[in-house]
Amino acid sequence: MTDSSRDLLKSFGKLLQNRAFLMAVGHQAGMGGHGGPRGGNRGQGKLLKVLAQSPNGLTNAEIAELLDIRPSSVSATISRLVDAGFVERIPSPTDKRAVIVRLSERGKELFARYDEHVDTTADELFGGLTPDEQAQLERLLTKLTHQVADLDWGDFMGGRSSDWPHHGMDGMGRMGRPHF
């Protein structure tokens with residue numbers, strides 16, 4: 001490993017140890033955070049986000065397919081969101097048997113506030129960079145993401161050398177401490 005590569009790895013490590021950064025990034029969809037409003041239930045947040053991206057609404061079957069969850073889970077989650085006033089069920093104009101689920105006015109307001117919060121957070125995080133620097137950072141992070149996808153993760157699990165300290169899994173899917 002070159003010194004510059006090691007320095008970059010160390011810089012990323014520092015960034016990933018910064019609680020404020022992790023909280024800001026972790027609350028984005030797909031990052032293990034709540035992914036949207038109503039952080040107490042990730043399923044509800046994901047469903048609200050899907051509906052926010054589908055202004056005409058979706059059927060239960062479409063939601064189940066998009067979120068890759070059981071239709072019974074979709075129905076239960078929708079019921080909770082209807083009770084909270086964030087979504088509404090309306091009859092399908094084209095199919096008398098189908099019901100369309102969409103954000104209510106209250107749900108739309110919630111997402112508008114959420115989007116505003118995301119914009120503010122992004123501006124706070126990246127506002128110190130010029131537009132050119134932001135574009136360059138985006139290109140570099142995209143390139144790095146592709147590079148990471150091509151890594152052989154077995155190398156990081158002690159598979160490269162019998163001399164290397166192993167970081168085996170702890171039985172819970174988490175990395176254990178190295179054995180020196």
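Counting from 1, the numbers follow the sequence of the chain as shown. What you see is a predicted model, and the numbers here were worked out from it, not measured in a lab.
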Within this structure, what is the [atom1]-[atom2] distance for the pair [X] and [Y], rounded to the nearest 0.5 Å?
| X | Y | atom1 | atom2 | value |
| --- | --- | --- | --- | --- |
| Leu151 | His146 | CG | NE2 | 13.5 Å |
| Ser54 | Leu66 | OG | CG | 6.5 Å |
| Phe12 | Leu144 | CZ | CG | 5.0 Å |
| Ser11 | Leu16 | OG | CG | 11.0 Å |
| Gln53 | Phe111 | CD | CZ | 7.5 Å |
| Leu141 | Gln147 | CG | CD | 13.0 Å |

Could you tell me whether the side chain of Leu51 reaches within less than 4.5 Å of the side chain of Val101, counting heavy atoms only? yes
Do Arg70 and Val74 have side chains that approach each other closer than 4.5 Å (heavy atoms only, starting at C-beta)? no
Between Ser75 and Ser72, does the side chain to side chain donor-acceptor pair (under 3.5 Å) criterion hold? Intermediate values first, please. CA-CA 5 Å; Ser75 295; Ser72 60; over 6 Å; no
Taking it one step at a time, do Thr77 and Arg80 satisfy side chain to side chain donor-acceptor pair (under 3.5 Å)? CA-CA 5 Å; Thr77 303; Arg80 287 191 297 275; 3.3 Å; yes
Between Leu103 and Glu88, what is the shortest heavy-atom contact and its length? O-OE2, 4.0 Å
Apply the side-chain contact (heavy atoms from CB on, under 4.5 Å) test between Arg89 and each candidate in Ile78, Asn60, Ile100, Leu81; give the one that qualifies. Ile78
For the hydrophobic clusters of this structure (ILVMFWY residues joined by side-chain heavy atoms under 4.5 Å, transitively), does one cluster hold both Val82 and Val99? no
Say whether Leu8 and Leu15 are linked into one hydrophobic cluster, either directly or through other cluster members, by side-chain heavy-atom distances under 4.5 angstrom.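 No, no single cluster joins them.
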Only counting residues at least two apart or in another chain, list the ones meeting side chain to side chain contact (heavy atoms under 4.5 Å, CB included) with Gln134.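 So Gln134 forms a side chain to side chain contact (heavy atoms under 4.5 Å, CB included) with Phe126, Leu129.
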Would you indicate whether Glu65, at its atom CD, is surrounded by more than 12 heavy atoms from other residues, nucleotides or ligands within a distance under 6.0 Å?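 No, because the 6.0 Å sphere around CD of Glu65 holds 12 heavy atoms or fewer from other groups.
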Would you say the side-chain atoms of Glu133 pair up with the backbone N or O of Thr130, donor to acceptor, closer than 3.5 Å? yes
Tell me whether Ser104 contacts the main-chain N or O of Phe86 through its side chain, where contact means a donor paired with an acceptor under 3.5 Å. yes
Which residues share a salt bridge (Lys or Arg N to Asp or Glu O under 4.0 Å) with Glu105, sequence neighbours left out: Lys108
Mind checking what makes side-chain hydrogen bond (donor to acceptor under 3.5 Å, both in side chains) contact with Asp150, not counting sequence neighbours?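 Listed in chain order: nothing, the list is empty.
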Would you sort out whether Thr142 and Arg139 count as a side-chain contact (heavy atoms from CB on, under 4.5 Å), showing the intermediate values? CA-CA 5 Å; Thr142 299; Arg139 284 190 303 276; 5.8 Å; no
